[in-house]
Amino acid sequence: MGIQEPHRSVLLECRIEEELANAKLSEDLLERVIERLWFSPIDELLDVPKRVVDSAEDLLAVVDGSRTLESFLLDLDETAGCSFRRCPSGPWLVKGGPGTGKSTVALYCLRNLLRLDTPALPIVREPLRILFTTFTKSLVAVSDHILKTLECDTTGIEILNVDELARRHSGPDWASRIFYGGAGDPWTPIADVVIAQCDSKLTSFRFDVRDLRFLYNEVNQVILGNQITSLEEYRRFSRVGRGRPLGPRQREQVWAFFEAVDWEANRLRSGLSATSLAAR
């Protein structure tokens, strides 16, 4: 097992399980010894995820360290299909809980799509254009590595996380807008001041500090998220599903709040002198 001194002497003194469990060894070393002494039941071994090795050369590449075991796709059972009965088009969504193999199935689909000589896709024409999106940047790196290891021609494939995809299609106006409530953003003190100003200057202002979370979401997800640029556009915008209806008067108040917060935030960033809501 390649165990060197002084760990070898410690292990040789162990005669029963309790002594082994209490031995002064690292958790990694102790786990290695236990796995050698007590084999897993055959049923558990059969359930361990298996990876597909296409050739002896691939296996030797793992042995000599030039290829990682993780670079091989998992072997799918018959319930996880990845073949195509027709030429696919449009967006495809792979859904499942954590650890269910969503990425594995998606990568199998990509590999099969790239095999243009397969009879399953008789009408696909080169070059294919495929967009593969994931939630995390780490999955982007892993997916790209696996596809290249599989010797797939990834010329027509773009692998992005959804944040990057949204940023690319948002346009320059979207990218320059301020989204409040992020790390380091002075949202709360600005919002507190603006709410107090609105309450004293606007008739029947319906919001207070207890509504900060709602106002934060309304500004980010409705106004900024939909690139609304005027009160009239905000009045007409459908907010179905937001969970809190807003009448015309309330929308005017939300818009006044948004404009005041936006002005105050830009003032702080640019170092302008303070001004009141009434002066605006």
Handout entry: Verdict with reasoning, L215 to I195, per side chain to side chain contact (heavy atoms under 4.5 Å, CB included)
Key = CA-CA 10 Å; L215 291 169; I195 281 181; 4.1 Å; yes
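- I3 is connected to L30 through a chain of hydrophobic side-chain contacts under 4.5 Å among Ile, Leu, Val, Met, Phe, Trp and Tyr, so both are in one cluster.
- Contact annotation: the side chain of D208 never approaches that of D199 to less than 4.5 Å [non-hydrogen atoms, C-beta and beyond].
- Hydrophobic clustering (ILVMFWY, side-chain heavy atoms < 4.5 Å, transitive): F132 and L160 are in distinct clusters.
- Sequence neighbours left out, the pairs with a member in residues 8-20 that pass side chain to side chain donor-acceptor pair (under 3.5 Å) are E5-S9.
- Between atom CD of residue Q250 and atom CD of residue E218 there is a gap of 10.5 Å, rounded to the nearest 0.5 Å.
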_Test side chain to side chain contact (heavy atoms under 4.5 Å, CB included) on W263 and V194; report intermediate values, then the result._
CA-CA 10 Å; W263 194 92; V194 170; over 6 Å; no
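- Following chains of ILVMFWY side-chain contacts shorter than 4.5 Å, one can reach L231 starting from F237, so the two form part of one hydrophobic cluster.
- Note: T134 OG1 to I159 CD1 = 8.5 Å, rounded to the nearest 0.5 Å.
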**Asked** Going through the distances and angles, do E164 and V140 end up as a side chain to side chain contact (heavy atoms under 4.5 Å, CB included)?
**Response** CA-CA 11 Å; E164 174 64 16; V140 170; over 6 Å; no
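- Annotation: side chain of F258 is not in contact with side chain of Y234 (no heavy-atom distance under 4.5 Å).
- A heavy-atom distance below 4.5 Å is not found between the side chains of V261 and V219.
- T133 places no side-chain N or O within donor-acceptor distance of the main-chain N or O of V162, the cut-off being under 3.5 Å.
- A donor and an acceptor atom, one from each side chain of W255 and E259, are located under 3.5 Å apart.
- The hydrophobic cluster containing V193 does not contain F207, counting ILVMFWY residues as joined when their side-chain heavy atoms lie under 4.5 angstrom apart, directly or transitively.
- Between the side chain of N226 and the backbone N or O of Q221, at least one donor-acceptor pair lies under 3.5 Å.
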Under the side chain to side chain contact (heavy atoms under 4.5 Å, CB included) rule, what do L202 and F257 come out as? Steps first, then yes or no, please. CA-CA 10 Å; L202 300 178; F257 169 83; over 6 Å; no
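- Between the side chain of R251 and the main chain of R235, a donor-acceptor pair closer than 3.5 Å is present.
- Atom CZ of R249 is surrounded by 12 or fewer heavy atoms from other residues, nucleotides or ligands within 6.0 Å.
- Taking CZ of R32 as the reference point, atom OG of S26 lies at 8.5 Å (rounded to 0.5 Å).
- V254 places none of its side-chain heavy atoms less than 4.5 Å from the side chain of V222.
- Rounding to the nearest 0.5 angstrom, the gap separating the OG atom in S55 from the CD atom in E57 is 4.5 Å.
- Scored by the salt bridge (charged side-chain N to carboxylate O under 4.0 Å, His left out) test, R244 finds D211 as partners (sequence neighbours excluded).
- Contact check for V94 versus W92: no side-chain heavy atoms found under the 4.5 Å cut-off.
- Side-chain contact between L29 and H7 is present, with at least one heavy-atom pair separated by less than 4.5 Å.
- Within the model, atoms CG of L59 and CG of D64 stand 10.0 Å from one another, a figure rounded to the nearest 0.5 Å.
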